Enquirer: 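Let me begin by handing over the structure; questions about it come next.
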Amino acid sequence: MDFNIYDFTSFTTWVHNALTSSMSPGWAMFVELAIVGVVFIAFYAVIGLYLVYAERKVCALIQNRKGPNRVGPFGLLQTIADLFKLLMKELIYIKNADKFLFNLAPFIVIIASFMAIAALPFAKGLHAIDLNIGIFYLFAVSSLGVIGILLAGWSSNSKYSLIGAIRSGAQVVSYELSVGLALLSIVIFSGSMQLSTIVESQANGWWIIKGHIPAIISFLIFLVASTAETNRGPFDLAEAESELTAGFHTEYSGIKFAFFFLAEYMNMFIVAAIAATVFLGGWMPFHIPGLDGMNHVMDYIPPFVWFMGKTAFIIFIMMWFKWTFPRLRIDQLLKLEWKYLLPLNLMNIVLIAFIVLMGWYIK
Amino acid sequence: MELNQLMFFLLAGLILFFSVLAITSRKILRAAIYLLTVLIATSGLYFMLNYEFMAAVQLTLYAGGIVVLIIFSILLTSHISHKFEQPALANVFAGALTGILGCGVAIWSIIKFPFVTTTQPALVVDMKVVGTQLMNTGDYGYALPFEVISVLLLAAMIAAIIIAKKGN
Amino acid sequence: MEEIFQDIIIKKSDDYIINMGPQHPSTHGVLRFELCLLGETVKYIIPHCGYIHRGIEKMCEKNTYQQIIHLTDRFDYLSAHMNNEAVCLAVENALEVEVPERVKYIRTILAELNRIASHQLWWCAFGMDLGALTTFFYGLRDREPILDIFEESFGSRLLHSFNCPGGLMHDVHPNFQKKIKDFIKYFRKILPEYDQLLTGNIIFQQRSIGMGILSKEDAISYGVTGPSGRGSGFKCDVRKHHPYSAYSKVDFKEILYTEGDTFARYKARIDEMWESLNILEQLVDNMPAGDYTVKMKPIIKLPAGDYFQRVETARGELGCYIVSDGNKNPLRVKFRTPNFSNLFIINKLASGNKIADLVAISGSLDLVIPDIDR
Amino acid sequence: MTNDQLKEKINGWISGLEFPENKQYLEVVVPAESLLKLARLLRETPETAFDYLFCLSGVDYGKQLGVVYHLESTTHNHALVLKVKTDDRVNPNFDTVCGLWRTAEWHEREIFDLLGIKFNNHPDMRRLFLDDEWVGYPLRKDYKDDINIIER
């Protein structure tokens, strides 16, 4: 076996061949599915927990505090301790709640984020499934999470939850458009919806550089709209704690609350990963044509690190937003989308089509 | 049984089971959720056929769009304690009869259709082909229906705005 | 008279009622708003108070004047010093006692320090109400030096009870002047940060400008005083119009805004912090030496009659009304607390706006719940 | 207006009013039936224009129950204290002034809650702090509560 951290293709083919040679193809596929599932669950848990830790550290940095620093070195084990606390907490049952839907809602939210994570290319040759409509699939799956939020709000039989759910519904349905249209701009540039092709097309430069002005506009719109779609501050109206105490998850406790909590952070990771893949070149290292020496140094850094680094950078920006801005009001939120982002987006797409037609981008 | 077949029966079973639940449930939001499951399982069938574009459209439009709108309107209009009444027996019978008739017609036409087994590998649907076909004005092109539908949608949107404006 | 009652609330049976509080993060304590919603819009608001009514006025009738002072800390705990001062001044005026100059200066300095500390905490909480969570830590960080000054001089940080009829309990710590000068220097540098973080933010301005407009007539009629009233152009600064302690000796502006919206109330408080720094600067260098108290009898008996003392707390005008029948206990003590009057404007300001605006408006009124309930 | 001018003015409206000695403010004692009339004149006459009611207190004098209104004019900067008293301890009632000064609405509710003085024509005469089922009026001198109030 030839294990190489710069290209996982040989590793994955080796695993596949080893499995198919030792059992029937059906079982081999089944085992592969199981392996991918276990890896993703582990990855999900670790990323989720450490994003919570990262958020607390970033927020502490912005607020002149230290953040968690007692459990483990630099407080690294703090969120794990929190997880155990949440696991042990009592699950409070609500009288007159629709129990079935009440229990189902956290799972829908978390399954939606699982489905999205499956299509992400983490490094060269390291993705669970490389659909030829990758971006479209991500867009489709990301719209499912809101169903869980709507269910949670309605089935808790609480007015605060219901208002939170309705807010979140209006918000996600509106901002989905901007997210989709912003991603469409890169589809026009690269001429493909397949995530691996989009990443390959950025080998000689990231789209945000190659696509110059319109790509930067799309990137900014995507950043704003995806922050809104994940219900994060300053767009966290669905759980605005100063108005609705906790919005749609007011009535949840223990591990069910933790599901919502984890899903929020995973959604943040997913949108950041999409932005990194589509605009910032995914796992492609940073290259400047002509500077061969620097390009070699950049190539030395493994693709997985590049991918995670870019994702972390975007996540940092999103956290930075959240901890500096006040929250928008619901009518301002919708006005921002329908009056500013959407028209701007449509004009931007026309501009991109024109630029691609004329070949005015860096090839 | 092959894994493929197992998968198909699993999805088909899901679709059947949740379709029946969706129409028999007396709580409206639960019915909507059963419908969602049916739609997602249908998109699973498309994935099995390697027709990923259709599958994603199914997820975006039906699961992500229409069901969300249905749930949204339920949220605005109905209360959690609301339950539908048991329908009258005559209605149940009429409904069941229509269902069985429709089912019979479907099964009959499937049996009658001369399916031909091929040994060719599964066709990969190229996205570019779908795109050009949608915007094609020539034979089998979808440009005209596409435009007509957009006019219909525009009319629907204007009507919705007018209805919404009437309140003020 | 009927035309004035137009804003009387009429309840209907199919109103969508939601309870905000008594346990709710944005009511800042155990206050309950009964909201009627129309979608996101608030139709009317009925405030319900009394969850922490402790009967301070009844307790005052059973206690001597020295003991009353310790009760007054407990209503507006963020302007504890000014509450103390109101009772002390009322008793001193009734007995016609002239307190030493030094006491007047120290009282004024403490009042201004207390005002700054209170406005800082308001700023923290107001940012939180609007969803800007970082403000909370900035405000608390800068409040700490003030609380340290308090702690050093009188051993407590929040509820001082440092005044007594005739002067102060004891003299201030020798470091008092130096620490205040340090604080003024520090806070002059740090206060522009508040503007950078919140005031200039476009989302903040969009949410506060033009929201919850309180007209001057309404402010007067509803008795909305303090920075909230002055944001509407109501000249109600007791320090300026009915000076007490050393306020007649300092030169300061009465902060007035005419817009009357949330932003004007916000700006009024920020400007008041600057103005308080000015007052402190004028006083702290000229503190006269002398006694910290005059000799008073251990049991004070006020001559029969009515005594009223107005004091400007951080939230508005505090009135202390003492009716005495010549005994060692007052016959009746009534505190006209600023928040009690300020609270009830909320229906007028916030009905017709969104829930989020209600939170912003109630934040901009700077409610302290024990001050309403007493 | 100075206090003497005010006195003259009030005497011109309603004669035979009592002006007790008070070092701080000019004080007027009004009979309950002419309270609203005087209040309205004070509020609406341009020369007096008492538009700011800065304190409204109920007092239990032992035998009598009374309400004290502290008024100020924001334009003329003069102040006045209105007092109204009644001997009726069972069913004391005065006219409400909350149509003239809106802040009076809640101050009057507080007085009703704690002293049991009713205000006629008040739009919302309910208890403010205490439960609706509370028995008695705590700020009255003859209020008995064996559990919460310890007599020394």
Side-chain angles (χ1 to χ4, degrees), chain C residues 1-5 7-9 46-53 55 57-59 61-62 93-94 96 216-225 229 234-236 238 241-242 305-310 317 319-321 323 325 331-336 340-345 348 372-374, chain D residues 20-25 27 36 40 43 51-62 66 68 70 72-75 77 79 81 83 96-107 109-111 113-115 121 123-124 127-131 138-141 143 145 148-152:
Chain C
M1 196 116 95
E2 280 67 33
E3 75 277 10
I4 302 163
F5 288 139
D7 56 331
I8 293 297
I9 294 158
I46 304 174
H48 291 263
C49 39
Y51 287 89
I52 47 166
H53 194 274
E57 286 171 6
K58 182 77 179 171
M59 280 194 264
E61 292 175 11
K62 305 273 172 193
N93 287 346
E96 289 169 348
K216 189 181 169 187
E217 288 71 39
D218 278 338
I220 296 171
S221 174
Y222 279 81
V224 179
T225 51
F234 176 21
K235 288 183 190 141
C236 55
V238 180
H241 301 296
H242 309 277
D306 298 1
Y307 306 98
F308 197 90
Q309 180 61 44
R310 305 166 78 174
E317 180 179 328
C320 171
Y321 179 52
V323 182
D325 55 356
L331 180 76
R332 167 91 165 97
V333 180
K334 153 94 184 180
F335 292 105
R336 182 258 187 233
F340 184 78
S341 302
N342 290 5
L343 166 70
F344 294 102
I345 193 74
K348 183 129 190 152
I372 297 165
D373 284 354
R374 300 198 294 289
Chain D
E21 187 72 12
N22 190 326
K23 278 177 202 153
Q24 242 175 329
Y25 301 112
E27 197 174 309
L36 190 60
R40 188 182 289 274
R43 170 82 173 81
D51 49 0
Y52 175 33
L53 175 74
F54 63 89
C55 192
L56 203 173
S57 351
V59 185
D60 184 357
Y61 291 100
V68 185
H70 284 78
E72 195 188 37
S73 162
T74 53
T75 42
N77 288 324
V81 180
K83 272 189 183 174
T96 179
V97 294
C98 67
L100 302 169
W101 300 282
R102 295 290 280 121
T103 184
E105 187 179 335
W106 295 277
H107 278 93
R109 269 181 72 184
E110 189 197 355
I111 290 167
D113 189 1
L114 302 176
L115 279 158
N121 299 326
D124 191 17
R127 283 193 182 263
L128 183 64
F129 294 130
L130 301 172
D131 290 345
L139 269 185
R140 287 209 186 170
K141 293 287 176 197
Y143 179 71
D145 185 342
N148 296 315
I149 298 178
I150 302 160
E151 294 288 341
R152 275 174 296 184

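Every chain is numbered from 1 and lettered A, B, ... according to where its sequence line falls, protein lines coming before strand lines. Since we're looking at a predicted model, the values are computed, not measured. All values below were derived from every heavy atom in this structure, side-chain atoms included, with hydrogens, water molecules and symmetry-related copies excluded.
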Enquirer: Once you round to the nearest 0.5 Å, how far does CG of Leu114(D) lie from CZ of Arg374(C)?
Expert: 8.0 Å
Enquirer: Would a distance-only check, ignoring hydrogens and angles, find a side-chain to backbone donor-acceptor pair under 3.5 Å from Arg102(D) to Asp218(C)?
Expert: no
Enquirer: So for Asp60(D), is it side chain, backbone, both, or neither that comes closer than 4.5 Å to the heavy atoms of chain C?
Expert: backbone
Enquirer: Where does Thr74(D) contact chain C at under 4.5 Å (heavy atoms): side chain, backbone, both or neither?
Expert: side chain
Enquirer: Given a strict heavy-atom distance threshold of 4.5 Å, which part of Arg140(D) is in contact with chain C: side chain, backbone, both, or neither?
Expert: backbone
Enquirer: Could you check whether any side-chain heavy atom of Arg109(D) comes within less than 4.5 Å of a side-chain heavy atom of Phe344(C), counting everything from C-beta outward?
Expert: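 No - every pair of side-chain heavy atoms lies 4.5 Å or more apart.
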Enquirer: Of all of Met59(C), Glu61(C), Lys235(C), which one pairs up most often with chain D through heavy atoms under 4.5 Å apart?
Expert: Glu61(C)
Enquirer: With side chains defined as the heavy atoms from C-beta onward, is the minimum distance between His70(D) and Lys334(C) less than 4.5 Å?
Expert: no
Enquirer: Determine, stepwise, if the pair Glu72(D) / His241(C) fulfils side-chain hydrogen bond (donor to acceptor under 3.5 Å, both in side chains).
Expert: CA-CA 12 Å; Glu72(D) 195 188 37; His241(C) 301 296; over 6 Å; no
Enquirer: Let me know if Leu56(D) has heavy atoms under 4.5 Å from chain C in its side chain, its backbone, both or neither.
Expert: backbone
Enquirer: If you count heavy-atom pairs under 4.5 Å with chain D, which of Ile372(C), Asp306(C), Val323(C) comes out on top?
Expert: Asp306(C)
Enquirer: Which atoms of Glu57(C) come close to chain D, meaning under 4.5 Å heavy atom to heavy atom: side chain ones, backbone ones, both, or neither?
Expert: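 Contact with chain D is through both the backbone and side chain of Glu57(C).
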Enquirer: When only pairs under 4.5 Å are counted, which of Gly223(C), Gly319(C), Ser221(C), Ala219(C) shares the most heavy-atom pairs with chain D?
Expert: Ser221(C)
Enquirer: If I take atom SG from residue Cys98(D) and atom OH from residue Tyr222(C), how far apart are they, to the nearest 0.5 angstrom?
Expert: 10.0 Å
Enquirer: Please classify the contact between His107(D) and chain C as side chain, backbone, both or neither, with a heavy-atom cut-off of under 4.5 Å.
Expert: both
Enquirer: Sort Tyr321(C) into side chain, backbone, both or neither according to what part of it lies under 4.5 angstrom from a heavy atom of chain D.
Expert: side chain
Enquirer: Answer with side chain, backbone, both or neither: which region of Tyr51(C) has an atom nearer than 4.5 Å to a non-hydrogen atom of chain D?
Expert: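 Neither; nothing under 4.5 Å.
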Enquirer: Side chain, backbone, both or neither: which part of Tyr61(D) has a heavy atom under 4.5 Å from chain C?
Expert: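 Both backbone and side chain of Tyr61(D) come within 4.5 Å of chain C.
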Enquirer: Is it the side chain or the backbone of Val81(D) that comes within 4.5 Å of chain C heavy atoms, both, or neither?
Expert: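 Interface part for Val81(D): neither.
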Enquirer: Check for a donor-acceptor pair, side chain of Arg332(C) on one end and backbone N or O of Gly58(D) on the other, with a separation under 3.5 Å.
Expert: yes
Enquirer: Tell me whether Gln24(D) contacts the main-chain N or O of Phe308(C) through its side chain, where contact means a donor paired with an acceptor under 3.5 Å.
Expert: yes
Enquirer: Taking side chain as everything from C-beta outward and backbone as N, CA, C, O, which of these in Phe340(C) sits under 4.5 Å from a heavy atom of chain D? Side chain, backbone, both or neither.
Expert: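 The side chain, not the backbone.
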Enquirer: Hey, could you give me the CD1/OG1 distance between Ile220(C) and Thr103(D), rounded to the nearest 0.5 Å?
Expert: 12.5 Å
Enquirer: Of all the heavy-atom pairs spanning Phe54(D) and Arg336(C), show the shortest one and how long it is.
Expert: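 That would be O-NE, 2.6 Å.
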